[in-house]
Trainee: 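Right, I'll just put the structure down here and ask away after.
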Amino acid sequence: MQETPFKVVVDHFIQMEDTTKRTELTSILAHLFNSVKPSEIDKVIYLTQGKIYPDYIGVELGVAEKTIIRALSKYSGLSEEKIEDEYKKLGDLGDVAKNVVQNKKQMTFFAQQLTINRVYGVLEKIAKTSGKGSQDMKLAYFMSLLNDAEPDEAKYLVKIVLGTLRLGVADYTVLDALALAYAGSKDWREILEKAYNLSGDLGLVASTLALKGIDEVKKIGIKVGRPIRPMLAERVPTAKEALEYMKNGCIAEYKYDGERVQVHKSGNTVVLYSRRLENITMHYPDIIELALKNIKANEAIVEGEAVAVDPDTGEFYPFQELMHRRRKYGIEEAMKMYPVTLFLFDIMYADGSQLVDLPLTERRKILWDTVKKDERVQFATHIESTDPKEIENFMDQAITDGCEGLVLKDPASIYRAGARGFSWIKLKRDYQGELADTLDLVVVGAFYGRGRRAGTYGTLLAAVYDKDSDSFYTVTKIGAGFTDEDLKNFPKLLEPYKIPHRHARVISKMDADVWFEPRIVIEVQAQEITLSPIHTAAFGLIKEGAGLALRFPRFTGKIRDDKGPEDATTVTELIEMYRNQKKKALTNGTNP
Ligand code: AMP
């Protein structure tokens, strides 16, 4: 069979960019899957998400804007200044590329049609070129594609290499589309999701399905070196309510306020993954050393929270200090100033055995046997108790010790990768005169400021996440809590996610001045949750014609780079917080 032309992919991209409906997006994607060869499907999935490998591989195309400007200049014979002018006018280099190719194409005759395989192959070469002079090599590779590209192909090639392709295709949309395209029985969707949860690689799941069938997908399991999508905790307001879910007893553990780390050890090699499955090995050379020294198994996957600890006092540093580890240079100094302690709480794999389906009590025993404890590698502090009073006291202790609260766990529960459920329940601290908890909100838009904020954003439009509809619902406009530095930084931080109209997965009644792809998550503290006719979160669920909104919201200073947009506070959690606050107000005799 002949290779599929790249044009087929591009035609679908154009349709995807045109739609604002998620169901439509899914069916266009399913149609695309059906239009390519089984051996091409993984490549198509990566490209649709604007990458060439799953995130955990950590390989980037690394093409500079300037390189593309040079390529377009070379191709067209126009000066680089002229290309830059066009870029300023159109605001997108993809559109510039499209015009440039359109104008030239009328004069050329011989072009060899681009195929998916050829495009992907060249992109791989571009990604693998690094070091001195690499931009010139990358430019040459890119030109080889550009010379044979149609106008729209050129546009999307530029968007892919610059990382500005924003089709809004979330992982769940890909899974839905796969199930739709290969339409087996209803439980296929679940099987696909499970394979994805254990492998963290949509391309692998898709190509296994397309080439070998669903029975092989069922066999996709855990492999050291490939991140597992983390199990997540539900939230309830009180220990008493949490205990109602704990039918098999309860293990209460400290909830450390650090960075979640999945440690993969194989022989002398250690790889670390974040909660969002990024490869963060580079940030924690100290954890590598600790893992090699303390993990007794030859092969293992363990999970815990890395917390920065003051070497002088043993006190925990606030979460922000860990962010010093997220930079490229100066890790050595950060390591000295903010050494981490690893608090382990789970094990998923050890020497050939997949452990996720064992009950928590057994996994913990294996964890304790597999890892040697010392000052810097510890097991999460815990008690076993079903007495709400005792748990509340333990919670106070956790907070005094610098933790965020507790995670209550069902001792009989399995490790459900990628799932948020009630076998893990988080209890967080109760601030006086404030909402019991902060919210993690996704920035979806902005409004221009006035006065001191003229020329920058005055307020940000922020949203909560709803898993069922896989959409983001607005809950507040936030302008307080930003330092002068924040005000300077936010436009820069948000610039790469600017889009010309409301994102397909954002549900808003407000018309923001600027829209963003839902990507950046910020932590927000508020005084109260109120009913509001203008925000769409939980709209009509509590009261007809009203959604939920925040009163006196304030940015806490934390940008949650460790959370993806789908990890933000959910509509369900927001409703829970609203109900809880109402209950409290009633017992205090005040009107909510
Ligand atoms: P949240 O980020 O508010 O959704 O809370 C869940 C997070 O708490 C997890 O992703 C972990 O990073 C963190 N955490 C801290 N201590 C524990 C623990 N003992 N068990 C599970 N998760 C923990």
Side-chain angles (χ1 to χ4, degrees), residues 227-237 242 250-263 272-278 280 284 287 302-309 316 318-319 322-323 340-348 360-361 363-364 367-368 377-384 391 394-395 397-399 401-411 413 415-429 435-442 464-465 467 521-525 556 558-570 572-574 576-577:
I228 301 166
R229 297 190 69 230
M231 176 161 176
L232 302 169
E234 274 289 352
R235 177 209 307 270
V236 305
C250 170
I251 297 169
E253 288 177 348
Y254 271 17
K255 183 177 193 302
Y256 298 92
D257 190 11
E259 176 163 27
R260 188 171 188 159
V261 184
Q262 208 177 91
V263 183
L272 309 176
Y273 294 109
S274 73
R275 170 193 170 119
R276 294 177 50 205
L277 314 192
E278 303 143 318
I280 49 168
Y284 295 105
I287 295 187
V302 297
E303 195 173 43
E305 193 88 354
V307 184
V309 177
F316 293 175
F319 166 81
L322 261 192
M323 289 299 132
V340 295
T341 296
L342 191 58
F343 293 93
L344 294 173
F345 52 76
D346 224 310
I347 184 163
M348 291 87 114
L360 175 62
T361 38
R363 295 202 306 279
R364 291 168 88 229
L367 176 68
W368 297 338
V377 178
Q378 301 191 19
F379 303 119
T381 302
H382 74 280
I383 56 168
E384 287 182 36
I391 288 182
F394 188 55
M395 167 107 166
Q397 185 190 330
I399 286 165
D401 284 351
C403 291
E404 264 191 308
L406 301 177
V407 184
L408 306 192
K409 298 180 178 178
D410 174 350
S413 61
Y415 188 95
R416 291 190 54 220
R420 190 184 290 285
F422 286 95
S423 359
W424 285 15
I425 297 181
K426 54 191 176 193
L427 284 176
K428 295 212 213 171
R429 73 182 297 176
L435 271 185
D437 196 6
T438 54
L439 294 95
D440 296 320
L441 303 181
V442 187
V464 286
Y465 175 64
K467 188 173 180 233
V521 179
I522 58 172
E523 192 184 74
V524 174
Q525 175 82 59
T556 64
K558 276 194 203 174
I559 294 165
R560 298 290 311 248
D561 332 38
D562 61 326
K563 286 201 170 184
E566 285 86 4
D567 299 320
T569 301
T570 61
T572 323
E573 288 173 326
L574 183 74
E576 193 58 52
M577 289 169 88

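Order of listing sets the numbers, starting from 1, for every ligand and every atom in it.
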Trainee: State the atoms of ligand 1, each with its element, that fall below the 4.0 Å cut-off from a heavy-atom position in Lys563.
Mentor: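 Result: 1 (P), 2 (O), 3 (O), 4 (O).
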Trainee: Show which atoms of ligand 1 fall inside a sub-4.0 Å distance from at least one heavy-atom site of Arg275.
Mentor: 2 (O), 4 (O), 10 (O)
Trainee: Which ligand 1 atoms does Lys409 reach within 4.0 Å, using its non-hydrogen atoms?
Mentor: 18 (C), 20 (N), 21 (C)
Trainee: In the protein, what heavy atom is nearest to atom 4 (O) of ligand 1, and what distance, to one decimal place, separates them?
Mentor: Lys426 NZ, 2.6 Å
Trainee: Restricting to non-hydrogen atoms, name the atom on Val340 and the atom on Ile287 that form the minimum distance, rounded to 0.1 Å.
Mentor: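 Residues Val340 and Ile287, closest heavy atoms: CG2-CG1, 3.8 Å.
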Trainee: Can you sort out which atoms of ligand 1 are near Trp424, meaning under 4.0 Å from one of its heavy atoms?
Mentor: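 Per the distance check, 21 (C).
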Trainee: Which residues satisfy the side chain to side chain contact (heavy atoms under 4.5 Å, CB included) test with Arg416, sequence neighbours excluded?
Mentor: Met231, Ile414, Ala419
Trainee: Measure the distance from atom 18 (C) of ligand 1 to every protein heavy atom, then report the residue, atom name and distance (to 0.1 Å) of the closest one.
Mentor: Phe345 CD2, 3.5 Å
Trainee: Using a strict cut-off of 4.0 Å, indicate which atoms of ligand 1 neighbour a heavy atom of Tyr254.
Mentor: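 Counting from 1, the qualifying ligand atoms are 16 (N), 17 (C), 18 (C), 19 (N).
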Trainee: Among protein heavy atoms, which sits nearest to atom 16 (N) of ligand 1, and what does the distance come to when rounded to 0.1 Å?
Mentor: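 That would be Tyr256 N, 3.1 Å.
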Trainee: Quick test of your reading of the model: are Glu303 and Arg260 salt-bridged, counting only N-O distances below 4.0 Å?
Mentor: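 Yes, charged N to carboxylate O under 4.0 Å.
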Trainee: Is Lys409 paired with Asp346 through a side-chain N to carboxylate O contact shorter than 4.0 Å?
Mentor: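 The answer is no: the pair does not qualify as a salt bridge.
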Trainee: Just checking, is any N or O donor in the side chain of Thr556 or Gln525 under 3.5 Å from an acceptor N or O on the other one?
Mentor: no
Trainee: Is there a side-chain contact between Tyr415 and Trp424 in this structure, where contact means two heavy atoms from C-beta onward sitting under 4.5 Å apart?
Mentor: yes
Trainee: Where the closest heavy atom to atom 6 (C) of ligand 1 is concerned, which of Lys255, Glu253, Arg260, Glu305 has it?
Mentor: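 Of the listed residues, Lys255 has the closest heavy atom.
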Trainee: Are Asp257 and Val307 packed together at the side-chain level, in the sense that at least one heavy-atom pair is separated by less than 4.5 angstrom?
Mentor: no
Trainee: Among the heavy atoms of Lys428, does any lie under 4.0 Å from an atom of ligand 1?
Mentor: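 True for this residue.
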